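Working notes, structure below.
Just so it is clear, the structure is predicted and the values come from calculations on it, not from any experiment. Sequence positions, counted from 1, serve as the residue numbers for this chain.
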Amino acid sequence: MHLYVCRDYDTISKKAAGLVGGMVSVKPNCILGLATGSSPIGMYERLAEMYRDGITDFSKVTTFNLDEYCALSEENDQSYHYFMREHLFRHINVPDENIHIPSGCTQDMEMECQQYDAAIAAAGGIDIQVLGIGSNGHIGFNEPADAFIGPTHLVNLKESTIKANARFFQSEADVPRRAISMGIGSIMAAKKILLIAHGANKAKAITATLEGPITPEVPASILQLHPDVVMMIDQEAAAGLSEYQPEGR
C-alpha cells in the first residue's frame, strides 16, 4: 500500500487526477471504477480540465460506478446518476453507452446485481477503482457487518451513514435506507485501487484501515490484502496514524 499524506485537499485532487489521467493516457480503453461523495469531486474537476485542455481523451474509456441509492430516479438530484453527470460525465467525452451505474429502481434487484458484476467481468475487469471512505470505515456502501460480502448486493444503510448523508437532503427522513453496492469481492478484483480521504472526521477510519486488524467491522481494512492500493489523504485524516511523512509541500 502506497500512502501519500498531502498538504491539503487541492493537492490530493491534483495527484489523484494525475494518477487516473495517466491511466487513461497509457491505456485509452481502460476501465475506470468511479465513486461519488465529496472526496472525488476535486479530482473530477481536474479531470474535466485535463479534457478541456486537450491533455486527456476519454472517448474509449468505460466506467463502472460503485453504488446507487434504492428508489431514487436517475433524474433525482440526489441520485448518483445525477451526481456523476453533473460532476464529471457532461464535462468529458466518455460515450454514454460506456457509462455504467447500478440501478436502484429496477424491479428485480437480485438480477441487477448479478448482471452488474457480469458486465464488469465482460469488460475485462476494472483497471483502477476510485474509493472514498465513510467515517465508519465503509467503502462503496459496504457497511460494518459480521462478514464481508463479495458480489454486488443490496445494503441496509447504517444510521451513521444516513446521518452523514443527511446534509445532502432536505431532512434525514429523506435519505434512502437502502442502496445497491459493489461488494468487497467486486472492489478487491480491481487491478489497482485509489482511496481518497480528507478531513478530521475520517482520521479514525483511516487509522483503523491501515493499522487495525482486518475485520468486516471496518470494511476498508480488507484493502490491506490488495496488492496495489494508493491512498491519498490530507494531514487531518492522517492525524491518528503512528507515523507519516507530509507530502505536497
Side-chain angles (χ1 to χ4, degrees), residues 1-9 11-13 15-16 19 33-43 66-67 126 128-153 155-168 175 177 179 181-248:
M1 187 176 292
H2 304 281
L3 174 66
Y4 296 90
V5 180
C6 303
R7 179 176 52 197
D8 52 28
Y9 179 66
T11 304
I12 293 172
S13 299
K15 283 185 171 290
L19 182 61
L34 301 178
T36 54
S38 59
S39 295
I41 288 176
M43 180 189 74
L66 280 169
D67 44 25
I126 291 171
I128 182 167
Q129 176 65 59
V130 177
L131 298 176
I133 186 171
S135 58
N136 64 3
H138 74 239
I139 48 176
F141 268 135
N142 292 281
E143 297 278 35
D146 295 329
F148 293 114
I149 299 178
T152 297
H153 61 289
V155 180
N156 293 316
L157 301 181
K158 297 287 188 181
E159 282 302 313
S160 58
T161 298
I162 292 169
K163 289 182 182 298
N165 290 356
R167 68 188 188 278
F168 301 116
V175 183
R177 267 47 185 174
S181 176
M182 278 191 205
I184 293 296
S186 303
I187 292 170
M188 292 291 284
K191 299 174 183 72
K192 189 182 194 74
I193 290 175
L194 167 62
L195 188 146
I196 302 169
H198 64 103
N201 64 318
K202 300 297 177 70
K204 184 177 179 181
I206 291 295
T207 301
T209 295
L210 290 175
E211 299 182 349
I214 297 171
T215 170
E217 294 179 0
V218 182
S221 65
I222 194 72
L223 298 179
Q224 294 178 36
L225 299 179
H226 194 280
D228 190 0
V229 176
V230 176
M231 186 176 292
M232 298 183 183
I233 64 177
D234 68 1
Q235 296 182 43
E236 287 186 337
L241 297 175
S242 57
E243 289 186 37
Y244 74 88
Q245 292 293 323
E247 165 77 11

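- A 4.5 Å side-chain heavy-atom check between K204 and S135 finds every atom pair outside the cut-off.
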Fill in: Trace of the side-chain contact (heavy atoms from CB on, under 4.5 Å) decision for L131 with M182
CA-CA 11 Å; L131 298 176; M182 278 191 205; over 6 Å; no

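- Separating the CD1 atom in I214 from the CD atom in Q224 is a distance of 4.5 Å, to the nearest 0.5 Å.
- Identified under the ring-ring contact (aromatic ring centres under 6.0 Å, His included) test for residues 187-238, with sequence neighbours left out: Y9-H198.
- By the 4.5 Å heavy-atom criterion applied to side chains, L210 and M1 are counted as neighbours.
- Residue A205 comes nearest to G134 through the heavy atom pair CB-O, 3.4 Å, listed as atom of the first residue, atom of the second, then distance.
- Between I222 and I187, every side-chain heavy-atom pair lies at or beyond the 4.5 Å cut-off.
- When all heavy atoms of G199 and E236 are compared, the pair lying nearest together is CA-OE1, 3.5 Å.
- The line from CD of E211 to OG of S242 is 3.5 Å long, rounded to the nearest 0.5 Å.
- The heavy-atom pair separating G132 from A35 by the smallest distance is N-CB, 4.3 Å.
- Distance alone, capped at 3.5 Å, places no donor-acceptor pair between the D234 side chain and the R7 backbone.
- Contacts classified as side chain to side chain donor-acceptor pair (under 3.5 Å) and involving residues 186-196 (residues at least two apart or in different chains) are given here: D117-S186, K192-D228.
- Remark: of the listed residues V130, L19, I12, V130 is the sole one forming a side chain to side chain contact (heavy atoms under 4.5 Å, CB included) with M43.
- A donor-acceptor pair is defined here as one N or O able to donate and one able to accept, closer than 3.5 Å; such a pair exists between the side chain of T215 and the backbone of E217.
- Although no hydrogens or angles enter the test, the distance criterion places no donor-acceptor pair under 3.5 Å between the side chain of S221 and the main chain of T209.
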Q | side-chain contact (heavy atoms from CB on, under 4.5 Å) evaluation trace for L223 with L195 | A | CA-CA 10 Å; L223 298 179; L195 188 146; 3.7 Å; yes

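- Expressed to the nearest 0.5 Å, how far CZ of F148 lies from CE of M188 amounts to 8.5 Å.
- By the 4.5 Å heavy-atom criterion applied to side chains, Q129 and L66 are counted as neighbours.
- Of all heavy-atom pairs spanning G137 and P219, the tightest one is O-CD, 3.4 Å.
- Looking only at side-chain heavy atoms (C-beta outward), N142 and D67 stay at 4.5 Å or farther from each other.
- The distance from the CE atom of M232 to the OG atom of S39 is 13.0 Å, given to the nearest 0.5 Å.
- In this structure, CG on L194 lies 12.0 Å from NE2 on H2, to the nearest 0.5 angstrom.
- Partners of K158 according to the side chain to side chain contact (heavy atoms under 4.5 Å, CB included) rule, which considers only residues two or more places apart in sequence or in another chain, are N136, E143, P144, S160, T161.
- Side-chain contact between I133 and I206: present, with at least one pair of heavy atoms (C-beta onward) separated by less than 4.5 Å.
- Counting heavy atoms from C-beta outward, L157 and R177 have side chains that stay 4.5 Å or more apart.
- With rounding to the nearest 0.5 Å, the separation of OH in Y4 from CD1 in I196 is 13.5 Å.
- When side chains are defined from C-beta on, T36 does not count as touching I41, because their heavy atoms never get closer than 4.5 Å.
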